[in-house]
Amino acid sequence: MAPLPHPARTPPASRAARPAVAAGRRIRYRIGNRRGLMMNIFADIRVLVIDALNAMTDAGALPRGLDLAAVAVEPPRDPAHGDMATNAAMVLAKPAGMKPRDIAQGLAERLSADPRITSAEVAGPGFLNLRLGTGQWRGVLRAAIAAGPAFGSVPKGHGERINVEFVSANPTGPMHVGHTRGAVFGDALANLLDFAGHEVTREYYVNDGGAQVDVLARSAFERYREAHGLEPQISEGLYPGDYLIPVGEALKARFGDSLLDLPEADWLDRIRDIAIAEMMDMIRADLELVGVRMDVYSSERALYGTGRIEAAIARLDQAGLIYEGVLEPPKGKLPDDWEPREQTLFRSTSYGDDVDRPVRKSDGRWTYFAPDIAYHWEKIDRGFDQLIDIFGADHGGYVKRMQAAVAALSNGRVPLDVKLIQLVRLFKNGEPFKMSKRAGTFVTLRDVVEQAGRDVTRFHMLTRKNDAALDFDFAKVLEQSKDNPVWYVQYANARINSVLARAAEAGVDTSDAALAGADLDLIEHPAELALARRIAEWPRTVDIAARAHEPHRIAFYLYDLASDLHALWNRGNDDQTLRFVQDGDPATTAAKMALVRSVAVVIAAGLGILGVTPAKEMR
RNA sequence: GCACCCGUAGCUCAGCUGGAUAGAGCGCUGCCCUCCGAAGGCAGAGGCCAGGGGUUCGAAUCCCUUCGGGUGCGCCA
């Protein structure tokens with residue numbers, strides 16, 4: 001799991017620092033526990049449990065002042081235990097000074113009075129197992145059909161304003177595989193948070209302020225010379241990729257031969273600006289290929305000369321967090337050219353970092369960190385309730401200092417969660433895959449998408465937790481088999497589509513309006529109701545995935561849902577009554593169509609979050 | 001040396017912010033196609049959740065520690 005976004009300690013200098021961001025409390029917003037907001041039936045029943053506990057308190061059956069935050073209502077691991085279980089009695093036993101079973105018994109009596117609850121039994125160490133009337137599950141199906149792809153989503157107005165910064169690749173070349181995973185992850189996370197009711201801004205921080213864009217300019221200049229028939233001097237340290245050849249042509253078209261004999265100082269700025277613009281156009285086009293569109297592009301370069309970097313550092317200075325000093329040499333491997341030098345340092349150790357970090361180099365120029373501090377301060381200023389940064393795993397060492405800066409600049413008000421994206425290992429038929437089609441040394445995003453397709457690429461890259469390495473086999477991701485989750489989910493959707501068409505041919509009205517009005521009491525087989533329960537878990541899955549910032553949970557849920565659908569489908573082979581289309585019985589067929597339509601609705605919603613297009617048929 | 005991430009079935013991985021008897025796919029064993037799409041389905045075998053301590057009603061999950069793998073460690077971004 002991701003580390004806490006908050007510092008372990010608050011700065012001694014700043015008493016204003018809010019302890020409100022309680023340590024360990026990563027999730028501060030409350031969603032899903034408002035009745036009906038997400039159509040999350042687990043949250044609904046939790047409200048019921050909380051109400052019952054409060055009633056018990058009023059009646060003197062429980063002491064006052066109990067903290068009910070830990071009370072949970074969850075699906076039990078074993079379906080035989082019922083539909084839901086609550087841990088309320090066990091959690092409250094100690095603070096209430098009572099026996100768990102006594103609390104559970106009292107709670108059971110009150111809950112039994114609710115028409116939705118058909119049974120409440122005390123079990124094990126104090127679990128309260130609940131069974132709901134089958135009508136509850138049928139209600140879920142109706143809600144799903146009525147809501148359509150919005151089923152499980154939270155209406156706007158209750159969420160937070162969240163900034164998701166991702167990709168932020170250097171504008172020095174095309175995007176490669178690693179960027180692809182980060183792009184897909186960030187976009188899916190943004191979709192997920194949006195679905196969960198938050199106001200999300202997708203943002204790209206353009207690292208156009210450092211030395212590497214000067215290298216880009218020099219590389220482009222060589223291609224410009226090449227465009228004039230001269231031999232390019234791609235010396236060590238310049239970017240060799242042939243993607244700069246068209247940039248050279250563009251420069252020729254723009255400047256003719258006027259720059260050819262000028263010293264670097266006379267062309268560097270102009271060429272750099274154009275080259276960066278060209279690279280960003282290329283990156284935007286690459287992002288389009290995987291269906292990613294940013295809301296905001298923020299430029300590092302634009303921060304220089306505005307005083308904003310100075311202001312950010314000054315603010316830290318006022319808090320006593322900036323000083324001139326000399327760092328200890330790093331332990332272990334000592335850099336060859338290490339010598340003690342005085343730098344301007346940020347006291348990030350006050351916020352749990354390992355060492356203080358330089359913001360200004362010994363030559364007086366800003367480090368990369370300084371504009372990044374200013375940039376994050378700007379994001380805080382723009383009023384976001386929460387910041388999320390998505391980095392490659394090789395930037396893990398950067399996390400603590402960034403969180404320290406954000407904590408200091410926001411007085412601990414704005415949490416920064418940093419998601420690290422592990423590397424992607426490419427294979428083809430199990431063999432490690434190397435390709436250098438257009439960029440010299442790496443496999444580009446374009447290479448991947450052209451071979452695997454956008455939907456397959458996106459889905460597959462979301463089938464692993466972000467902090468676990470991902471194997472991407474060009475052959476396997478295109479395989480049409482059960483062990484390929486992409487295909488398996490799409491296949492489920494195609495089957496539903498197929499069966500809906502068959503029902504329509506048989507004269508059943510399969511419009512959503514008609515299905516929502518179908519007599520769902522005709523759905524009564526345990527296997528069918530089990531599928532309905534799975535559908536009921538969708539809003540809860542969204543809630544949990546959004547809180548954890550883990551879109552891969554959506555992909556796994558969809559696989560489970562598809563698996564249930566396929567299983568039920570197959571049972572129809574043995575048991576005619578479980579077939580979805582019941583010849584000569586339009587009422588039952590309609591009810592079953594409502595069931596499968598609900599599955600399709602959830603698949604559409606889930607794939608929508610992942611940014612994958614549902615397939616109507618498999619070819 | 002320090003920090004962060006990871007360690008779950010033979011393999012690849014989930015595990016719902018601490019819940020009941022730890023799950024899926026592949027592989028293995030045995031069944032199932034005159035039948036809505038069998039490019040599938042059902043059942044079974046397979047686990048000291050890396051090891052050891054701790055916290056509590058309860059730990060794969062939280063804390064400490066050891067071991068093993070990855071990443072990073074001033075004036076790159």
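Numbers restart at 1 for each chain; the letters A, B, ... are given by sequence-line order, proteins then strands. Values below: all heavy atoms of this structure, side chains included; hydrogens, waters and symmetry mates excluded.
Out of B:A14, B:G74, B:C36, the shortest distance to the side chain of A:Q343 is found at B:G74.
Anti is the glycosidic conformation of B:C32, whose angle departs from 0 by more than 90°.
A:S348 is linked by a side-chain hydrogen bond (donor to acceptor under 3.5 Å, both in side chains) to A:D353, counting only residues two or more places apart in sequence or in another chain.
Checking B:C2 for Watson-Crick or G-U wobble geometry (two distances, each under 3.5 Å) identifies B:G72 as its partner. Across all strands shown, B:A60 forms no Watson-Crick or G-U wobble pair with both key distances under 3.5 Å.
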Please encode protein proximity along nucleotides 18-28 of chain B as a string of B, S and -, counting only heavy-atom distances under 4.0 Å. -BB--SSSS--
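Side chain of A:T86 to backbone of A:A72: a donor-acceptor contact under 3.5 angstrom is found.
The phosphate of B:C57 has OP1 or OP2 within less than 4.0 Å of a side-chain N or O from A:K94. Distances shown here put every side-chain N or O of A:R571 at or beyond 4.0 Å from the OP1 or OP2 atom of B:C36. Regarding contacts with the backbone of B:C16, every side-chain N or O of A:H552 stays at 4.0 angstrom or more from both OP1 and OP2. The phosphate of B:C73 has neither OP1 nor OP2 within less than 4.0 Å of any side-chain N or O from A:K400.
In this structure, the side chains of A:V140 and A:M39 stay at 4.5 Å or more apart for every pair of heavy atoms.
A:E300 comes within 4.0 angstrom of the backbone, heavy atoms only, and of no base.
Not less than 6.0 angstrom separates the ring centroid of A:Y559 from the ring centroid of A:Y557.
Residue-environment remark: NZ (A:K476) stays at or below the threshold of 12 foreign heavy atoms within 6.0 Å.
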For nucleotides 63-71 of chain B, which of its nitrogen or oxygen atoms have a protein nitrogen or oxygen under 3.5 Å away, and what is each distance?
unit_1, atom_1, unit_2, atom_2, d
B:U71, O2', A:A393, O, 3.3

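The residues A:D83 and A:R131 are annotated as not salt-bridged, no charged nitrogen and carboxylate oxygen being separated by less than 4.0 angstrom.
Summary of the strand contacts: A:W366 and A:L470 both lie near RNA chain B, and taking for each the nucleotide with the nearest heavy atom, the more 5' one is attributed to A:L470.
At a cut-off of 3.5 angstrom, counting only N and O atoms as typed in the model, there is a donor on one side and an acceptor on the other between the side-chain of A:R540 and the base of B:C16.
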